[in-house]
Amino acid sequence: IMRRDYDVRGRRNKGRPGSVNIRRPVTPGARERKECMARRRATTGSTLRGLDPATDAREWLETDGLGGFAMGRVVGPRTRRYHGLLVAATTPPTGRVMLVSGFDATVEIPDGRWSLSAQRYVGESTSGDTHLETFTQDPWPTWTFRLPDGTGLVHELFMRAGVPQVFLSWRLLTETAPVCLTVRPF
């Protein structure tokens, strides 16, 4: 038997005497999503040169409206098991499958070959975020890269509402020497 001045979990009710305080259950990942949204507002249009990937934990999130998502860190490699490029919901809200974990993107220009993505492999790591100039979340995650020779590239990620699909695009900001982009999903 529960007394009316205690809530459903047995804690003292801070409301009116005799009222029952019923709390909504917290869905898994709600706190992480809330923190991500706060970081999203903080990173819009910010300059990212010189940030340390080891200490910068800002994340981005794009959803498809069906329970699926794409999520990762703004700078640095993926650090959580649910960071991925395409995570589809099979039986929302709990059943999710990682379909595409990420990608390696490299740009080859006459001055050399540069990585645009950051990965951690056994015995080695790539750090494409050293060329990252800006990141914006609105209207969708957009990264702007500036290579040592001044070549500017924009990478955008978009998820279509109602369909578990992710779209990636890269475009040149400056017309310079020939550029070859290689993207390898995994």
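Across Gly68 and Ala89, no two heavy atoms sit closer than the pair N-CB, 3.8 Å. Of all non-hydrogen atoms in His83 and Met98, the two that sit nearest each other are O-CE, 3.4 Å. The two atoms that bring Leu157 and Glu62 nearest to each other are CD2-CB, 3.9 Å, heavy atoms only. Scanning both residues, Leu99 and Ala88, for their nearest heavy atoms gives CD1-CB, 3.7 Å. Taking all atoms of both residues into account, the shortest heavy-atom contact from Val163 to Asp64 is O-CB, 3.6 Å. Asp104 and Phe186 make their closest contact through N-CE2, 3.8 Å (heavy atoms, listed as atom of the first residue, atom of the second, distance).
Partners of Asp111 by side chain to side chain donor-acceptor pair (under 3.5 Å), not counting sequence neighbours: none found.
Between Trp143 and His155, the two ring planes are parallel [angle under 30°; tilted spans 30° to 60°].
Taking hydrophobic clusters as Ile, Leu, Val, Met, Phe, Trp and Tyr residues chained together by side-chain heavy-atom distances below 4.5 Å, Leu153 shares a cluster with Val183. Hydrophobic clustering keeps Trp140 apart from Leu132 (ILVMFWY residues linked when any side-chain heavy atoms are closer than 4.5 Å, directly or through intermediates). Under the 4.5 Å side-chain contact rule for hydrophobic residues, Val154 and Phe145 do not share a cluster. Phe167 and Val100 sit in two unconnected hydrophobic clusters of ILVMFWY residues. Membership requires side-chain heavy atoms under 4.5 Å apart, directly or through other members. Put simply, Trp60 and Phe103 are part of the same group of oily side chains (I, L, V, M, F, W, Y) that touch within less than 4.5 Å, one to the next.
Here the CG-CG distance, from Leu116 to Leu147, works out to 6.5 Å after rounding to the nearest 0.5 Å. Once rounded to the nearest 0.5 Å, the distance linking CH2 of Trp114 with CD of Glu108 reads 12.0 Å.
Between the side chains of Thr106 and Ser115, no donor-acceptor pair is found at a separation under 3.5 Å. Side-chain polar atoms of Asp149 and Thr151 form a donor-acceptor pair below 3.5 angstrom.
In this structure a side-chain-to-backbone donor-acceptor pair under 3.5 Å is missing from Thr63 to Phe69. For Ser101 (side chain) and Gly84 (main-chain N/O), no donor-acceptor pair under 3.5 Å exists by modelled atom type.
Within the 4.5 Å cutoff, no side-chain heavy atoms of Thr136 are placed close to those of Thr144. The shortest distance between side-chain heavy atoms of Phe158 and Pro139 does not fall below 4.5 Å.
For residues 152-167, the set of pairs meeting the salt bridge (Lys or Arg N to Asp or Glu O under 4.0 Å) definition, not counting sequence neighbours, comprises Glu156-Arg171.
For Arg73 and Glu59, the salt-bridge test fails: no basic side-chain N is under 4.0 Å from an acidic carboxylate O.
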* Asked: Could you go step by step and tell me if Thr174 and Arg146 meet the side chain to side chain contact (heavy atoms under 4.5 Å, CB included) rule?
  -> CA-CA 10 Å; Thr174 54; Arg146 183 74 56 190; 3.9 Å; yes

